[in-house]
Protein chains: 2
Amino acid sequence: MQQYVAHPQPKSPCSTCHLREFCLPQDLSESEVARVEALFGPRHALKRGDFLFRSGDRFAALYAVHTGFLKTQILHEDGREHITGFQMAGDIIGMDAINSATHACDAIALEDCDICELPYEQLETLSRELPSLQRHLHRLMSREIVRDQQVMMLLGSMRAEERLASFLLDLSERFAARGYSASQFQLRMSREEIGSHLGLKLETVSRAFSHFQEGGLIDIHVRSVHLLDLNGLHDCMHRPR
Amino acid sequence: MQQYVAHPQPKSPCSTCHLREFCLPQDLSESEVARVEALFGPRHALKRGDFLFRSGDRFAALYAVHTGFLKTQILHEDGREHITGFQMAGDIIGMDAINSATHACDAIALEDCDICELPYEQLETLSRELPSLQRHLHRLMSREIVRDQQVMMLLGSMRAEERLASFLLDLSERFAARGYSASQFQLRMSREEIGSHLGLKLETVSRAFSHFQEGGLIDIHVRSVHLLDLNGLHDCMHRPR
DNA sequence: CGCAACGTTGAAATTCCTCAATTCACGTGG
DNA sequence: CCACGTGAATTGAGGAATTTCAACGTTGCG
């Protein structure tokens with residue numbers, strides 16, 4: 001797959017369109033793909049800072065990120081907030097809402113986004129006809145569970161620098177999976193947002209970045225990151241506490 | 001619902017059988033319930049310490065806890081382990097494995113358990129016929145996602161005593177939902193296991209218990225807990241950091 | 001009874017947080 | 001095009017929470 005730095009517009013024709021690649025099963029016939037795509041609901045164009053949905057909103061659809069970058073966060077009663085994840089092209093948002101028919105988190109655009117709505121009832125109905133769509137939906141939810149549990153491990157048993165290294169490597173992998181450079185990208189979130197996701201204060205995040213920089217592991221200037229030593233970053237996740 | 005202290009055998013006839021109540025949709029007809037139950041696979045009798053499955057095992061079935069208490073844990077490459085959750089009667093285990101067809105965690109009995117196997121392929125097939133079963137499966141996965149994200153918030157933004165209070169209140173609710181006492185129960189796990197789940201060291205867990213005891217919030221003797229002041233425990237989750 | 005695993009408690013060490021001062025980046029308007 | 005202001009990021013010093021290390025008590029089982 002062709003590689004390019006994250007933000008300049010990618011060159012290949014539908015490479016920004018990760019929906020087919022990430023949100024649909026790969027073993028559907030042309031006509032089946034058409035049936036699934038037929039139920040795609042309206043597109044939402046979000047500006048930076050817009051909410052896709054808020055905690056408590058009635059659940060009606062899942063959302064597939066077409067372009068852009070978002071965060072999902074949950075709020076504690078006393079006002080503390082925790083960012084449960086960052087979503088990019090090809091990611092599905094809203095699966096936490098199926099349980100209670102009410103969204104359990106806020107989803108907020110970190111940059112201008114183009115979001116595709118997937119009406120849930122229709123998705124359920126169609127997935128009774130198309131086993132591979134059914135299987136795909138289950139996999140997506142299961143993958144979310146696995147991801148969340150990996151974050152639990154990160155939060156529960158890693159020190160600050162390990163968490164940040166893990167975070168950078170995760171971003172790197174996800175960019176790579178979408179055809180972007182695995183080693184150079186723009187952070188779309190502030191230090192505070194990174195901290196909120198990793199259970200750290202923004203100053204700790206900043207210090208950890210500086211420390212990686214000193215160690216020659218990364219080259220970071222504000223939000224432009226260049227991962228210089230992927231192995232080194234990986235290793236620093238394994239210094240036991 | 002009748003209440004009784006957790007461990008003496010419950011009295012009502014099928015109150016140990018939380019499978020129908022927790023693992024099946026509530027809006028099925030008798031004959032549909034029969035169809036679902038027909039595909040229940042073999043029962044597994046586990047002794048304390050037995051593995052229900054191990055990380056890496058091929059995925060073939062979900063498991064419904066009939067009786068007993070288990071933990072699920074993931075291992076980091078360097079040997080650190082993190083307990084992702086504790087499961088009791090009526091809980092479903094193994095949904096993390098759907099994604100990769102391989103179990104992503106270990107499931108280990110904390111006491112003698114009786115586990116019901118739910119062959120996944122057959123569950124998928126039947127859920128294409130029974131929309132309410134389909135919906136129920138989705139809800140179960142979604143609930144798992146919500147639970148995991150709540151644990152993420154706990155790990156990411158609560159201090160030690162808040163985490164422990166949250167943990168006790170969660171156990172309390174789950175026992176209550178099964179007809180047991182919300183205020184008196186036995187812990188089935190060691191201090192170290194509680195710590196592993198909450199991202200704390202066993203000494204910290206022990207000290208927090210002692211502190212709750214001094215404050216009159218709980219009465220704890222080794223693994224017998226009596227929650228004396230549920231509101232007080234709830235409040236101590238809201239002292240900002 | 002004795003051992004081994006588990007739990008409690010104390011003191012020291014460490015990590016991370018808090019508070020505070022600067023610096024830096026970037027958009028706005030002169 | 002530059003000055004300015006604002007929000008974001010960096011850095012330092014001190015303090016708080018948790019971990020680490022260590023000793024000792026308790027429980028339950030062979």
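Chain letters run A, B, ... following the sequence lines, proteins first and then strands; every chain starts at 1.
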Next item on the list: Would you mind reading off the distance between A/Arg223 atom CZ and C/dC26 atom C1', rounded to a whole angstrom?
Entry: 12 Å
Notebook entry, point to check: What heavy-atom pair brings A/Ile74 and B/Gln149 nearest, and what distance separates the two atoms?
Noted result: CD1-O, 3.4 Å
Item checked: Whole-Å distance separating the CG atom of B/Leu164 from the P atom of C/dG7 -> 13 Å
Check: Between A/Met158 (CE) and D/dT19 (C1'), how many Å, whole number?
Finding: 18 Å
Note to self: Once salt bridge (charged side-chain N to carboxylate O under 4.0 Å, His left out) is applied, do any residues pair with A/Glu117, and if so which ones, sequence neighbours excluded?
What the structure shows: none
Note to self: Restricting to side-chain contact (heavy atoms from CB on, under 4.5 Å), what partner residues turn up for A/Ala104, sequence neighbours left out?
What the structure shows: A/Asp96, B/Val146
Margin query: Tell me which pairs pass side chain to side chain donor-acceptor pair (under 3.5 Å) where either residue lies in residues 224-233 of chain A, with sequence neighbours left out.
Written below: A/Gln186-A/Ser224
Next item on the list: Please list, chain by chain and in numerical order, all residues satisfying salt bridge (charged side-chain N to carboxylate O under 4.0 Å, His left out) with A/Arg58, sequence neighbours excluded.
Entry: none
Next item on the list: Not counting sequence neighbours, which residues clear ring pair (Phe, Tyr, Trp, His ring centres under 6.0 Å) with B/Phe69? List them please.
Entry: none
Notebook entry, point to check: Whole Å only: how far is the CD atom of B/Glu192 from the C1' atom of C/dA5?
Noted result: 11 Å
Checklist line | Sequence-distant partners of B/Asp91, salt bridge (charged side-chain N to carboxylate O under 4.0 Å, His left out), two or more places apart | finding: B/Arg174, B/Arg178
Check: Mind checking what makes ring pair (Phe, Tyr, Trp, His ring centres under 6.0 Å) contact with A/His76, not counting sequence neighbours?
Finding: B/His238
Next item on the list: Nearest whole angstrom, please: distance from the C1' of C/dT14 to the CD of A/Glu161.
Entry: 14 Å
Margin query: Nearest whole Å is fine: how far is C/dT15 P from A/Arg163 CZ?
Written below: 13 Å
Next item on the list: Please check if any side-chain donor atom of A/His66 sits under 3.5 Å from a side-chain acceptor atom of A/Arg43, or the reverse.
Entry: yes
Between N or O atoms, less than 3.5 Å apart, protein on one side and nucleotides 10-15 of chain D on the other: list the pairs.
residue : atom : partner  : partner atom : Å
D/dT10  : OP1  : A/Arg191 : NH2          : 3.2
D/dT10  : OP2  : A/Arg191 : NE           : 2.8
D/dT10  : OP2  : A/Ser206 : OG           : 2.6
D/dT10  : O5'  : A/Ser206 : OG           : 3.1
D/dT11  : OP2  : A/Ser210 : OG           : 2.6
D/dG12  : N7   : A/Arg207 : NH1          : 2.7
D/dG12  : O6   : A/Arg207 : NH2          : 3.1

Item checked: End axis versus end axis in the helix from C/dC1-D/dG30 to C/dG30-D/dC1, the angle rounded to 10°, five pairs used at each terminus -> 30°
Next item on the list: Take atom NZ of B/Lys201 and atom C1' of C/dT8, then tell me their distance rounded to the nearest Å.
Entry: 17 Å
Next item on the list: Calculate the interatomic distance between A/Leu198 atom CG and C/dT15 atom C1'; express it in whole Å.
Entry: 16 Å
Note to self: Classify B/Gly199 by what it touches in the nucleic acid, base, sugar-phosphate, or nothing, heavy-atom distance under 4.0 Å.
What the structure shows: sugar-phosphate
